Amino acid sequence: MADLSFKDFATDQEVRWCPGCGDYSILKSTLKALAEGGSDPAKTVFVSGIGCSSRMPYYIETYGFHTIHGRAPAVATGVKLANPDLDVWVVTGDGDGFSIGGNHLLHALRRNVNLNILLFNNEIYGLTKGQYSPTSRKGTKSPSSPGGSLDAPIGPGQFALGAGATFFARGVDIDQKRLPGLLIESKEHEGTALVEILQNCIVYNKDVFEDVAAKKTAADTQVQCEHGKPLLFGKNSDKGLRLNTANLSLEAVTIGEDGVTEADILIHDETSLPLAQMLVNLAPPLPVAMGVIYRIEKTPYEASFRNRKTGERRRQVKDLLRNGYVLDRRGIRD
Amino acid sequence: MADLSFKDFATDQEVRWCPGCGDYSILKSTLKALAEGGSDPAKTVFVSGIGCSSRMPYYIETYGFHTIHGRAPAVATGVKLANPDLDVWVVTGDGDGFSIGGNHLLHALRRNVNLNILLFNNEIYGLTKGQYSPTSRKGTKSPSSPGGSLDAPIGPGQFALGAGATFFARGVDIDQKRLPGLLIESKEHEGTALVEILQNCIVYNKDVFEDVAAKKTAADTQVQCEHGKPLLFGKNSDKGLRLNTANLSLEAVTIGEDGVTEADILIHDETSLPLAQMLVNLAPPLPVAMGVIYRIEKTPYEASFRNRKTGERRRQVKDLLRNGYVLDRRGIRD
Amino acid sequence: MSSATDRYVVRFAGDSGDGIQLQGQQFTIASALSGHDLATLPDFPAEIRAPVGTRYGVSAFQIQFGGNRVTTPGDAPDVLIAFNPAALVVNLPALPPGSQIIVDESAFTEQRLKRADLASNPLDDGSLADYRVIAIDIASLTLQAVAESGLGNKDSLRCKNFFVLGLVLWMFEQPRESVAEWIEAKFANNTAVRDANLAALNAGHAFGETAEFGHELKYEKLPVAPLDATEYRTITGAEAMALGLVAASELSDTEIMFCSYPITPASSVLHHLTALEDCGASTFQAEDEIAAICAAIGASYAGKLGVTSSSGPGIALKTEAMGLAVSAELPLVIINSQRAGPSTGLPTKTEQSDLYQAVYGRNGDTPLPVLAAATPGDCFTMATEAARIAMRHMTPVILLTDGYIANASELWPIPDFDAIAPIETRKLPHATNAFERDATTGARVWAEPGNANQIYRVGGIEKDITTGNISYDANNHQAMTDLRQQKVASVADFIPDQGVEQGELEGSVAVVAWGSTYGTVFQAVKRAIAAGMSVSQVHIRHIAPLPKNLGELLNRFDHVLVPELNSGQLATLLRDKLLLNVVQLNKVSGQPLHVSELTDAIHQLLPGATEMSVASQHSTTVAPQHSKPVAPQHSTTVAPQQGAK
Amino acid sequence: MSSATDRYVVRFAGDSGDGIQLQGQQFTIASALSGHDLATLPDFPAEIRAPVGTRYGVSAFQIQFGGNRVTTPGDAPDVLIAFNPAALVVNLPALPPGSQIIVDESAFTEQRLKRADLASNPLDDGSLADYRVIAIDIASLTLQAVAESGLGNKDSLRCKNFFVLGLVLWMFEQPRESVAEWIEAKFANNTAVRDANLAALNAGHAFGETAEFGHELKYEKLPVAPLDATEYRTITGAEAMALGLVAASELSDTEIMFCSYPITPASSVLHHLTALEDCGASTFQAEDEIAAICAAIGASYAGKLGVTSSSGPGIALKTEAMGLAVSAELPLVIINSQRAGPSTGLPTKTEQSDLYQAVYGRNGDTPLPVLAAATPGDCFTMATEAARIAMRHMTPVILLTDGYIANASELWPIPDFDAIAPIETRKLPHATNAFERDATTGARVWAEPGNANQIYRVGGIEKDITTGNISYDANNHQAMTDLRQQKVASVADFIPDQGVEQGELEGSVAVVAWGSTYGTVFQAVKRAIAAGMSVSQVHIRHIAPLPKNLGELLNRFDHVLVPELNSGQLATLLRDKLLLNVVQLNKVSGQPLHVSELTDAIHQLLPGATEMSVASQHSTTVAPQHSKPVAPQHSTTVAPQQGAK
Ligand SMILES: Cc1ncc(C[n+]2csc(CCOP(=O)(O)OP(=O)(O)O)c2C)c(N)n1
Ligand SMILES: Cc1ncc(C[n+]2csc(CCOP(=O)(O)OP(=O)(O)O)c2C)c(N)n1
Ligand code: SF4
Ligand code: SF4
Ligand SMILES: [Mg+2]
Ligand SMILES: [Mg+2]
């Protein structure tokens, strides 16, 4: 297979999201990740549910299956178990993945099937014209909640860790610099990888992530997690996260202030569950955690599944048919 | 309403679990909790799904609804939103609640509807004759996994905290001393309470909790969590849990050994999420956490729901019908 | 120009940003206030906000207005207003030769022609030769009109829609007042925009009056329609449905708890109902359709009327829980706003293909009543009827509507609410057994938690017919099975006999339809009767059980023609329940049935009855009724003409 | 004693702990090895492990064995073996007067009589006067027999079942060898238990020989059944289904991926298949039914044959995803082991009430083929047939079976596997378009990921008929709708013409059935023919599409009698598809249809044809066929006699 460029992964289908939708940038990063990560179009399958986000497979020149609302992780599990040689990606939205599809996401995560799940979180049901979703903040006004929504939102990271995920990462739609790399890392994870991508639905939930995602303030509003490196942030990388052991929480400190030195800054350990549990919940005014927040190694489900030698044909039906006591009209035999 | 005894809460229906099933003890503790907690039979509703455990409503002299597999939290949400005066209990099993019903449990927990959910965890599908369940340990042999199950189990506590639960407790079926009190506490929690009850299915998963639940070793294999009290265990209460801040984990220590004093023992704070996240995952050889592991206060969903003044009749349909432009054959009016 | 017709069809088309739907709605109100009957059809693009100027991004709104029963938005527009090349080109196939086209010529730039995939400019290349085209530089005219407002160029151009609306109102001599009022209320806080829009509206109106080709645009003012009720308003199906539900709440003095999960085209009922939460309703957005119906069932168990609403794929998910409601004998209303299937299908397109699912689509012997609304306004009536049946018979009820009805509007005679019979519920606080049954219907008591008299347990396992406890007894299961059938059958004792909408009670052809084809069938049968043919219209609102006299009624016709937007689902039901040999007319293209298609089918059945020639590319055979049974799906199908998409 | 019959019915009944099912299975094998045809029915209690000695805890196993086509386990036992009072009392209503009862008299203690809710001892109180009762102190006799084994009292008593089995084998002169072999293999590692069981078996046998009332127990040895295949084995429906699936795998050289979620009575197929994972199958236990069908669809997308299996409530949950498989045109096998509904219903009881759901139960116009297995062994054939159709037509296929078939066993002629035609799939590695279609069937290519030629995207939104991309085009939607109908209709070109199982190809009555009533219908029609009546048996295995000649065939009979364990679902289908006026015989009690019930119904249709008097508490009318259509559900139902539970 010749080296493919990111354009080779684009289909001839006209992309039909609203002009200015964050999905365009994510699509671009995905195409880049496929090219740069050396994906084989014939062996890659994109499975999606229903939602604006879930249209993505039609725009990617690999095998693609646009299934039904919420069920993409289940369909993708079937694809992967049937043929573990395939590189299986799932595209889902916050409604698709957390409303109707919450159960399948839970079970994919705990089983650790080697799927690369991209969750386009725009905190709204885009395709059905803007009702609040399970990740919408309390008080979100929408056609189905004109007085503001009442439900506490699900935290995708907290949920994933609760489900026993082995990989959780977070990125921003417009972060063309980091997102492709993050997608390559998630694809390479052997097990279920969940990547939450903060996505701007400019029509129904415009700029809901502005305080976190805006490029010009990103250095201060985001902390990039890199395994083994200190959790620094700020334009000059002079701010960082410190562990408060008294109340088991993370706090933001500035190096050089109040006697804080670089040694006080917590080193990111992507294999630490308690740390990840704290990181995923960071919210403004603290910086929001980006990058690979949690990653551990664990045998993926399909490997155990195929290890059982399932599906191999080592006995003949002809013999099975005559299992047990057989009455042979030419004489009884066992 | 006169004071009712625990027998007043029993129905005339013959209880039909297998002789020796842990469900009998749980039923007894529940009847006790109802009596001792001063429940009003007319205002109490037990909603269940399908499974051995879910038969319980037929044995309790309150309103009862034995619904369909996995959906009890959804039905119960409807009951509670329709009439918040009712005290709504949910009875579910590990299959009912975590397999088919995982999504509803997730959403009940994050919404914080005031339901008291009893999860009978026997780590098996009892009613359908013993297939492994989502809480079964990896390697469980069952009719559907003769070679041992492959799936990593869900941790009910870890899941609940991931879902944003406001109350999580754990108890043991045969612990007639503590279970009734625990059920009263969970009932009194204003929001979704999830109580995991370790239950012995003597037919299909006999003694799977023996190492934790056995009465004679319980003092050493369980740690009782009480808010504000040190996390002590052991026959002589001379062992305890200490926080290792280096790797953010809990370790078991003995007072008097290696210079450990009572001051080193962690005080249980039921409002601390990071602590709860550690406690729920304790497993042998560490003692398993029992009692109220996590509890925080948060407005229950139905209160906000009814605060919206939904369902009140403050406008007349007669007037609504003539909303907007009306063409009056006797003359146009607005 | 003048015309002999008593009705006109106008279609507005452009980008979503052109305010097409708003123009349509305002024109609708103005028409209603002129005393015209009307029917409208908004036609949204499948995409949320498609790129400007693309074919697939075209948004349209069609209205038919005028006299003596307007029941459809019209097969073909008399006037098309196209804001850009894409809007022109996608609507052209529907225009009959000679019809009027108004375009904004400023939009026919090279770039925008390209956006619409046009190689040449239709205004120049002769492709519009068969039409009466008026090209107006709407952009410049609007800019001129609003020049004084002080708005910038972009904001000024946004007033184009009111310029056009002003012109169109002038064309048909419809009043401007309601539009002006709307603008004043809407932009009360932004006087510059308010004034600009008003100026545009008036300028458009004046333009018609003064333009040299004005006479080409002037249509004869239509007479007021012969309406017989006293008060009318315009209403969409979704609005009527929401109103019907709160009406049922007031009539039964029971709160409605509406539990649903968004899905096109059902969501609009939820949206409308959120505005009526102070009228006896509450709304709950569940995590999925299963949770929605289960929460509704829970609400019904707790003594409120649970209502759930979805479209085909979501209804599929609810079928298991419907069985629970049947088994537990709880009232419940399940609304299905049908869309084109299978699977995700064409969510924004209409179809009537969930009748099978409604009538037969459950495991076990699980009968329940099924109703279908015929028109937008009928949703009000059928919503209260569904709630009434649910509470009288203690049963879930399915109410079928569709995307067309939900979004379309009609002129609706406002019902006299005081004349509607209250709804009695089976809440009997003094009963001591929840399974005490009504002698006529078999319905049990709606026992309410909170009442110490009625404590009971119930569930989805077969229950003892008198106690509700679990019973494995064979005779009891048979008795419960029979009871469930009889409970549903007893609904037929309460519904009106089936009548005809038009035509005689016997004759050559009965056109039997259900749901949103009502309007089309009405027009086609009206024309057939006018042409002297023996044709009657029978419209079924009670699908299960069917009205008791239906078989007898239909046996009085030589042919029963069943037009449906599916492959023959009511036809199946009529064969099943009445052993009736019907002629099917099926169309499954996501498009509404056209009057002409039905007219053709009628003519095929009665070839001698008219001089009109029937051009059809399909060979169709029509088997007479009462003949030796034949496999109807093979031999008696009349296929609609295609191509006129 | 001697008897003129060529077959006997024996029923074993006791607590689960009495090893009833094991006795039954071993007796079944012994019967088969004697060359007897047979049919069995295990009858489990609804509870997992009910308390000892209770009525609801009774476990039973019934077998009919003997000559010339045994197709049912028998309506009424000739011999009942009751291990305790409860087992006696719950089975008594099914026993005809004069039948033989063997009881363990040691179990008729006061305490155990109380457990069985009995006020007096039936052995003394005269209530068994009409039966031939033999009371044996089985406990003591067993203890004596195994005294030498050195086992304790409790373990010794556990050998009771083999004592009884020995006795019963003696009664009917069936061989002991296979039982002895089984004991030896099973307890190879526990010689004490092995020897005790062997001793008990032999002692039971010897007891018959020596007991003074031995002659009362001795039945005439039945002749070998006239079997014509060379090899037979016993098989249950669940086993045959699992074997059929792996057979399909081998025949198509395609792995089967079986994805399911446990549910009674479907789980046993999963359980059997887990033992066949080295034969071309893999099994995946999903988190729920929706995930199960979706994973199966995913497997099919990836080029393995996805199979999913459930029972009614679980199938309900799968209906949305079935639409996806139809839309994506993927092969898929959906097995429904029906149980009594509605809702949770009676999970351990059998019913045929999911035919509506299978044929009509989806949103949209979503046709798919539906098959039904007739007997346990037929599950093998129909499983391969379902897989064959799925892969040939690229469509999901529903295969109906039920709890009765799943658990019952029959003597099955082992098929000659080499003679079964291989299954060709639509995997065409050199095709470059996944939507290239077969000219006859319309089936697309089964494009497999991994193949660089066939990269494509597909989904549940309506797709372009040639590219698979999303298409909103109206003509395309109509074309796809038509294609979906034709694809399913084309299945009829590949299936055999409908024949009769017994009787002539024309005549007075055709008894038309489907599914597990096969055996009952067979016996009833056989008797009717023997009594000189003009009755034929027509059994439908292809429910959708129906065999092409079915209408023609049935029109050659005066009456079409349709017995079903539901309220008339095949009857609906026959009216729908063939406009056929049928007479219904419906029973929905969770119990199998009895031969006598059908015989009564036949006699009601042909009252002059026999001298037998028909006692029925129901007034029934039978409308002749071809008469003026009437509402069939009102006037032409023959109700089964009840009470004989
Ligand atoms: C069974 C079913 N229920 C509901 C829907 C309607 N529906 C389609 S997408 C969607 C939610 C989309 O939200 P999200 O997943 O966040 O995707 P987004 O459009 O925001 O990218 C809903 C409710 C459906 N298609 N199918
Ligand atoms: C829709 C549906 N799917 C499957 C089933 C079968 N079923 C009944 S209970 C059960 C699992 C029971 O397990 P659990 O919830 O752990 O309860 P337990 O019996 O162990 O108390 C299953 C799979 C069903 N009744 N309905
Ligand atoms: S609605 Fe929102 S998410 Fe959907 S395409 Fe438009 S901007 Fe994007
Ligand atoms: S199967 Fe297990 S859980 Fe069910 S009743 Fe028996 S012992 Fe209890
Ligand atoms: Mg979203
Ligand atoms: Mg369990």
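Residue numbers begin at 1 in each chain, while the letters A, B, ... track the order of the sequences. Just so we're clear, the structure is a prediction, and the values are computed from it rather than from any experiment.
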So, the side chain of D365(D) versus the backbone of S567(C): is there a donor-acceptor pair under 3.5 Å, distance only?
yes
Note: S471(C) and L346(D) closest approach over all heavy atoms is O-CD2, 3.5 Å
Assert top hit (heavy-atom pairs under 4.5 Å, partner chain C, pool G312(D), G551(D), G361(D)) equals G312(D)
Side chain, backbone, both or neither: which part of I470(D) has an atom under 4.5 Å from a heavy atom of chain C?
neither
Main-chain N/O of A316(D) paired to E320(C) side chain as donor or acceptor, under 3.5 Å
no
Looking at side-chain heavy atoms only, is the closest gap between T344(D) and L324(C) below 4.5 Å?
no
Heavy-atom distance under 4.5 Å to chain C: side chain of Q569(D), backbone, both or neither?
side chain
Side chain from CB out, backbone as N, CA, C, O: work out which of these in T348(D) comes under 4.5 Å of a heavy atom of chain C, or both, or neither.
neither
Quick one: does Q478(D)'s side chain have a donor or acceptor within less than 3.5 Å of a partner on V588(C)'s backbone?
yes
Using a cut-off of under 4.5 Å for heavy-atom pairs, which of M322(D), R362(D), R339(D), Q352(D) has the most such pairs with chain C?
R362(D)
Part of R484(C) lying under 4.5 Å from any heavy atom of chain D:
side chain
Here the gap from S311(C) atom OG to N363(D) atom CG, rounded to the nearest 0.5 Å, amounts to 7.5 Å
Check against side-chain contact (heavy atoms from CB on, under 4.5 Å), K349(D) and H477(C)
CA-CA 11 Å; K349(D) 304 291 173 189; H477(C) 182 45; over 6 Å; no
Compare every heavy atom of G364(D) with every heavy atom of D354(C), then report the nearest pair and how far apart it is.
OD1-N, 2.7 Å
Examine whether an atom of I315(D) lies under 4.5 Å from a heavy atom of chain C, and if so say whether it belongs to the side chain, the backbone or both; otherwise answer neither.
neither
Spacing of CG belonging to L317(D) relative to NZ belonging to K318(C), to within rounding of 0.5 Å:
12.5 Å
Please assess L579(C) against V582(D) for the test side-chain contact (heavy atoms from CB on, under 4.5 Å), listing each intermediate value before the final yes or no.
CA-CA 10 Å; L579(C) 207 60; V582(D) 303; over 6 Å; no
For chain C, the option from G460(D), G341(D), A340(D) that forms the most heavy-atom pairs under 4.5 Å:
G460(D)
With a 4.5 angstrom heavy-atom cut-off, which part of E552(D) approaches chain C: side chain, backbone, both or neither?
neither
Among G590(D), G345(D), P347(D), G323(D), the residue with the most heavy-atom pairs under 4.5 Å to chain C is G345(D)
Apply the test side-chain contact (heavy atoms from CB on, under 4.5 Å) to residues T481(C) and N566(D): give CA-CA distance (whole Å), side-chain angles for both, the deciding distance (0.1 Å), then the verdict.
CA-CA 9 Å; T481(C) 302; N566(D) 62 42; over 6 Å; no
At what distance, to the nearest 0.5 angstrom, does CE of M480(C) lie from OG of S589(D)?
14.5 Å
Got a donor-acceptor contact below 3.5 angstrom from the D576(C) side chain to the D576(D) backbone?
no
For the residue pair V359(C) and Y360(D), establish whether any side-chain heavy-atom pair is separated by less than 4.5 Å.
no
Quick one: what part of Q485(C) sits under 4.5 Å from any heavy atom of chain D, side chain, backbone, both or neither?
side chain
Here the gap from I461(C) atom CD1 to S343(D) atom OG, rounded to the nearest 0.5 Å, amounts to 9.0 Å
First locate atom CZ of R575(D), then atom OG1 of T572(C), and finally report the distance between them rounded to the nearest 0.5 Å.
12.0 Å
